[in-house]
Structures are given as C-alpha cells and as structure tokens.
Amino acid sequence: MNISSTDNFDDFAADYRHLHNKNMKFLGGDSYYFAQAKVRHVRDHESETALNILDIGCGDGLTAFCMAALLHGCKITGIDISAESIDIANTKKIPGAVFRTYNGIDFPFAENSFDLLFIAGVLHHVSPVVQARIIEEAHRVLKNGGRIYVFEHNPYNPATRYLVKTCPFDKYAKLIKSGSVISLMKSGQFKNIQSRYTTFFPQNNFFSAFHNVEKKLSWCPFGAQFYVRAIK
C-alpha cells in the first residue's frame, strides 16, 4: 500500500516552525499556542494520570513537549514518516518521550499497547485508503477502553482554507470534514464518538474577550479546527 502523501516534510523540517508561525501570524498565535490548545482539549476529557500515549505524525515533537507539561506523568511515543523531523524531536530531550520513524501505514507496536492516541493534522495529507488504514491501526494498538483524538482543519472555515492554500507544506493537502472522520471511526469499530469545533476567534488581544465562550460554541461547524474523540 502506498501512503499517497505528496507533501514531503523532510523538505521543510529545518524551517517548519518558522514557516508555520509566519503562515498563522494574522491569527495572533504561534505553533506553540495551537499545539498547547490541542493538548488542553485532551486534558479536559482525561481524568487518568500516567497515560501511555502514541502521537501519530508527531513532527518535530512540539505537541509531545506540551503533553509532557500538561499531562503529568505521561509516557509519549511519537512516530512520523519524516526522518528529519524525528531527528529534531530527539534533540529536544523531552522527559518521558521517545521518537521514531515509521512507514506511514503500519504502526510498529503490538496490540493493546496504548491508553491514548493523538493524531493532529495528518489525515488531510493522505489518501482516503490510508486514512482508513490509520484508523484501523489505531484501533489495533489501543487498549480496550483507550481513547483516540483526531484533530483536523475545518474545511467550512474560510480562514482555514486560506491558511492551507498559502501554506508551503500544505500544497497537496485535501481537507477532510468532521463527518468523514466520524464515518472513519464508525468503520474502525470505535464507539462513543464525539465531535467538537474549536478556534473560532483570532488569538490576539482584540478578540480576547471572546475566548472564554469558545467552549459554548463547540457545536457550531464554523470553528477553524475540529476534533473527534472516540473510545475503543
């Protein structure tokens, strides 16, 4: 099976954060802010400590850095197809985190290995066939009762479409709808599937008064991003 990913992140690994921050500048936040926000959403749902987490498509390890800070006692395994990104992640020496490459299709772990799986901004880079395989593999390596979180850009949001269109490493990206991710979860035999929309307002001071109401808008399908949570 070909992973069918046409965006080569090895080409951008060295400048990834600079390019990403530049692309998102008008939103008033940077890579760290948005990675931290995703992990906070996960933390809102999780009551367990010392979670064994698999971060699929971990890139240069920024999200793992946030997990180590916000999900206390967690053990993190990050995997990515970009060897250059994994090299950068390993230089960060994040407590409780290890990083390795994989082929983009098969997760190199035994069944029932992890408490929680985290997949952010991956599905829009691969074909529908590979999307289904990723969810299938996620179900295999999760423990019974384990949780999966999939974060993606919302194609209904015009700001999101603009950012993806102008981002150099999203040249071949094809945005995926929340409903499509839910369908993947159902086909992958997950249960208790929930979807939430996030990031409704730019993260600059002018909009700061609105940030506290974002959770109340999680039902509204116009946030810049969304996530789907499900249980094995």
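The analysis underlying the following values was restricted to heavy atoms, covering all of them including side chains, and did not include hydrogens, waters or symmetry mates.
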Between [X] and [Y], what is the shortest heavy-atom contact and its length?
{"X": "Ala64", "Y": "Asp55", "answer": "N-OD2, 4.1 Å"}
{"X": "Asp80", "Y": "Gly57", "answer": "OD2-C, 3.2 Å"}
{"X": "Thr63", "Y": "Ala35", "answer": "OG1-CB, 3.9 Å"}
{"X": "Ala68", "Y": "Pro95", "answer": "CB-O, 3.9 Å"}
{"X": "Phe190", "Y": "Ala138", "answer": "CZ-C, 4.1 Å"}

Under 3.5 Å: donor-acceptor pair, side chain of [X], backbone of [Y]:
{"X": "Asn154", "Y": "Pro221", "result": "yes"}
{"X": "Ser187", "Y": "Ser183", "result": "yes"}
{"X": "Lys92", "Y": "Asp60", "result": "yes"}
{"X": "Glu152", "Y": "Leu175", "result": "no"}

Could you state the interatomic distance from [atom1] ([X]) to [atom2] ([Y]), rounded to the nearest 0.5 Å?
{"X": "Lys174", "Y": "His125", "atom1": "NZ", "atom2": "NE2", "result": "13.0 Å"}
{"X": "Leu71", "Y": "Phe118", "atom1": "CG", "atom2": "CZ", "result": "9.5 Å"}
{"X": "Arg140", "Y": "Gln189", "atom1": "CZ", "atom2": "CD", "result": "13.5 Å"}
{"X": "Cys58", "Y": "Met67", "atom1": "SG", "atom2": "CE", "result": "9.5 Å"}
{"X": "Arg147", "Y": "Ile53", "atom1": "CZ", "atom2": "CD1", "result": "9.5 Å"}
{"X": "Thr49", "Y": "Leu51", "atom1": "OG1", "atom2": "CG", "result": "7.0 Å"}

Donor + acceptor pair across side chains of [X], [Y] (<3.5 Å):
{"X": "Lys143", "Y": "Asn52", "result": "no"}
{"X": "Asn103", "Y": "Asp106", "result": "yes"}
{"X": "Lys38", "Y": "Gln225", "result": "yes"}

Quick check on the hydrophobic clustering: are [X] and [Y] connected, directly or via other members, by side-chain heavy-atom contacts under 4.5 Å?
{"X": "Leu54", "Y": "Val150", "answer": "yes"}
{"X": "Ile182", "Y": "Leu142", "answer": "yes"}
{"X": "Met185", "Y": "Val141", "answer": "yes"}
{"X": "Ile135", "Y": "Phe114", "answer": "yes"}
{"X": "Ile119", "Y": "Val130", "answer": "yes"}

With a 4.5 Å heavy-atom cut-off, do Arg43 and Glu46 have their side chains touching? no

Check the angle between the aromatic planes of Tyr227 and Tyr149 and answer parallel, tilted or perpendicular using the 30° and 60° thresholds.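 Judged by the thresholds at 30° and 60°, the geometry between Tyr227 and Tyr149 is tilted.
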
Determine the interplanar angle of the Phe222 and Tyr156 rings, folded into 0 to 90°, and report it as parallel if under 30°, tilted if 30 to 60°, perpendicular if over 60°.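 Ring orientation, 0 to 90° scale: perpendicular.
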
Tell me whether the centres of the aromatic rings in Phe226 and Phe151 are closer together than 6.0 Å.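 Not under 6.0 Å, so no.
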
Could you note down all residue pairs passing ring-ring contact (aromatic ring centres under 6.0 Å, His included) where residues 56-95 supplies at least one of them, sequence neighbours left out?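 Sorted result for residues 56-95: empty, none.
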
Mind checking what makes side chain to side chain contact (heavy atoms under 4.5 Å, CB included) contact with Gln194, not counting sequence neighbours?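 For Gln194 the side chain to side chain contact (heavy atoms under 4.5 Å, CB included) partners, ignoring immediate neighbours, are His45, Arg196, Arg229.
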
Tell me every residue that passes side chain to side chain contact (heavy atoms under 4.5 Å, CB included) with Tyr102, counting only those two or more places apart in sequence or in another chain.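 By the side chain to side chain contact (heavy atoms under 4.5 Å, CB included) rule, Tyr102 matches Ile56, Ile79, Ile81, Phe107, Pro108.
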
Taking Leu184 as the fixed residue, which of Ile134, Ile193, Ile176 is the one that meets the side-chain contact (heavy atoms from CB on, under 4.5 Å) rule?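 Result for side-chain contact (heavy atoms from CB on, under 4.5 Å) with Leu184: Ile176.
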
